2 protein chains.
Amino acid sequence: MQTSHEAVIAKKRGRGRPPKSADERNESMRRGELVKVAAQLFRQRGFHGTSTRDIAAAAGMQPGSLFYFFESKESILHAVMRDGMAQAATSQAAALDGLTARASGVQRLRALVRNHLQIMVGPESDFIPVMLYEWRLLSEEQRVDVGTQKDEYEAQWMPALQALHHTGKLKASPEIARLLIFGALNWTAQWFTEGRGLTLDELTEQALALFIGER
Amino acid sequence: MQTSHEAVIAKKRGRGRPPKSADERNESMRRGELVKVAAQLFRQRGFHGTSTRDIAAAAGMQPGSLFYFFESKESILHAVMRDGMAQAATSQAAALDGLTARASGVQRLRALVRNHLQIMVGPESDFIPVMLYEWRLLSEEQRVDVGTQKDEYEAQWMPALQALHHTGKLKASPEIARLLIFGALNWTAQWFTEGRGLTLDELTEQALALFIGER
DNA sequence: CCTACCGATCGGTAGG
DNA sequence: CCTACCGATCGGTAGG
C-alpha cells in the first residue's frame, strides 16, 4: 500500500521512474508541513472539528490549495497516522538496538516504555492521540494499512513481555498485559506534561513498578 | 449544578414546586430515550459525526423536535456524560456496600475493577467511550460539572490503592497508579467483548495480576 | 411535539 | 499553487 502522496507523485512521473526532481522535493516538503499542522489541529479540535480551511490557513495556503496535495480530507488523516507510526517504528528500533544482546526482560521493557512515553511528549507527539480518537474515521483500506504498522510496532513488545512472564515478574498473560499496558501508556498523553511534578524517567519507573513490581 | 433537563422543567413549573405532573413524567422519559440513543450514536460515529437529525430519526422524531428537549446539541453531549456518571456512581457505591468492613485492599480493588469493567460491557456502556473521545467538546462549565462527578468516582479508589501501597502489593504511587489504571481499564472498551475468549471475571483477574501481581 | 425555513459552513472542483 | 464557485448538510428557530 502506498500513501496518497506517493500515489500523486507516481501519477505525475509515471510508474517506475526513480529520480525526484527539485519540484518533487519541494512538493514533498510542503506536504510534510501540511501533515504536521494537520496533526496539531486534529489533536486539539478533532478531525470533524477541524476544517480543511483551518489546515490551509495554518499552513499559509488558500482554502482550495490543500486538494493539490491530498485527494480528500480523509487522506490527510491517514497521512498523519501513517507518518506518525513510521517515525515511532524508527524510534523504537533505535531504542532496541541500543540494548546489548543479553539485556534482561526488565531492561527491554524499560527501554520500550521510555521510548513510547518519549514519543508522546516529543515534538511529533500529536499522532497517537489522533490515532486514539479518530481511528474509526479511517476507511477500511486505511485502517488495514495503519493497523499493520501498529501490529508490527506492538509485536516488538512481546518477547520482553513473554520473558518477564516466564521469570514470574509479569503475572498477567503477555497478550492481555500488552493490551492493558498500551491503554495505560497512551492515556498518559492526556494528563502527563514533562517537568510538571514528574519527569519522564520517573513516570517510566512508576509504570514499571505498576506492571512488574520493579522499582 | 443542574442538568439542562432540570433547567427546562424548572423553567416550566417555576422554582421550588416539587410535584411532577404526568406530562412532566412523559417528557422525562422521552428525554431519557433521547440521551440513550444519542449515547449510542456518539459512540459509534462521534459527536461531530452525528447530526441532530440522526438522533431525532433514531428516536422517531422530526428533525427540529430535539430542541424542545435540549437547548443545543452540546447539552445532549453533556447529558450523556452526566447521566452516565450518575449511574456509574450508584453502581460503584453498591459494589463497595457489598463488601464487609474488614475487606482487604485486594478485595476492595477487585470489586472496583470488576464493577468498572461491568459498566463498560453493560447495556449503558456507551458513555465512557463518549467521555474519553469527546471530553474536550464540553463547555468550561460542563467540564467542571462532569469533572466533579468523575473526581468523586475516582476518589473512591484511593483508600484501596493506599492500603495496597502500604502493604507493598502496589509498588507504584497510589496517585500515578490511579491514572495509569484508569487508562488501562477504560481502553478495554475498545477491544474487550464479553464471551469472546475472555470472561469479565477473567479480565478482572488479569488486570489485578498486572497491577498488584495477584492471581 | 410538527412544519417550514434560514444563514452559515463545509468538502471539493474547474480552470488557470 | 490561486480564484471563484457549487451543492449538500447542518444547528437552530418561529409559529403553531
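Quick note on labels: first sequence line is chain A, next is B, and so on, each numbered from 1. As the structure is a prediction and not an experimental result, all values here were calculated from the model.
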- [ ] Assign the ring pair B/Phe182 / B/Trp157 to parallel, tilted or perpendicular, where the plane angle (0 to 90°) is split at 30° and 60°.
- [x] tilted
Check every atom of [options] against the side chain of [X] and return the nucleotide holding the closest atom.
{"X": "B/Gln62", "options": "D/dT3, D/dG12, C/dC2", "result": "C/dC2"}
{"X": "B/Met61", "options": "D/dG11, C/dC2, D/dG12", "result": "C/dC2"}
{"X": "A/Thr52", "options": "D/dC2, C/dC2, C/dG11", "result": "C/dG11"}
{"X": "B/Phe67", "options": "C/dC10, D/dC2, D/dG11", "result": "D/dG11"}
{"X": "A/Ser65", "options": "D/dC2, D/dC10, C/dC10", "result": "D/dC2"}

For [X] and [N], give me the distance from atom [atom1] to atom [atom2], rounded to whole Å.
{"X": "A/Glu74", "N": "C/dG11", "atom1": "CD", "atom2": "C1'", "value": "9 Å"}
{"X": "A/Glu71", "N": "C/dT13", "atom1": "CD", "atom2": "P", "value": "9 Å"}
{"X": "A/His48", "N": "C/dT9", "atom1": "NE2", "atom2": "C1'", "value": "14 Å"}
{"X": "A/Ile55", "N": "C/dT9", "atom1": "CD1", "atom2": "P", "value": "17 Å"}
{"X": "A/Lys73", "N": "D/dA8", "atom1": "NZ", "atom2": "P", "value": "19 Å"}
{"X": "B/Arg53", "N": "C/dC5", "atom1": "CZ", "atom2": "C1'", "value": "10 Å"}
{"X": "B/Phe70", "N": "D/dT13", "atom1": "CZ", "atom2": "P", "value": "15 Å"}
{"X": "A/Ile76", "N": "C/dG11", "atom1": "CD1", "atom2": "P", "value": "9 Å"}

TODO: Taking atom types as modelled, find out whether B/Asp151 and B/Thr148 have a side-chain donor-acceptor pair closer than 3.5 angstrom.
DONE: no
Open item on the list: Any donor-acceptor pair under 3.5 Å linking the side-chain atoms of A/Trp135 with those of A/Gln142?
Closed with: no
Task: Heavy-atom check, side chain of A/Gln44 versus side chain of B/Arg136, under 4.5 Å - done: no
- [ ] Scan every strand shown for a Watson-Crick or G-U wobble partner of D/dC5, both distances under 3.5 Å, and answer none if you come up empty.
- [x] C/dG12
TODO: Answer yes or no: is there an ion pair linking B/Glu27 with B/Arg31, defined by an N-O contact shorter than 4.0 Å?
DONE: no
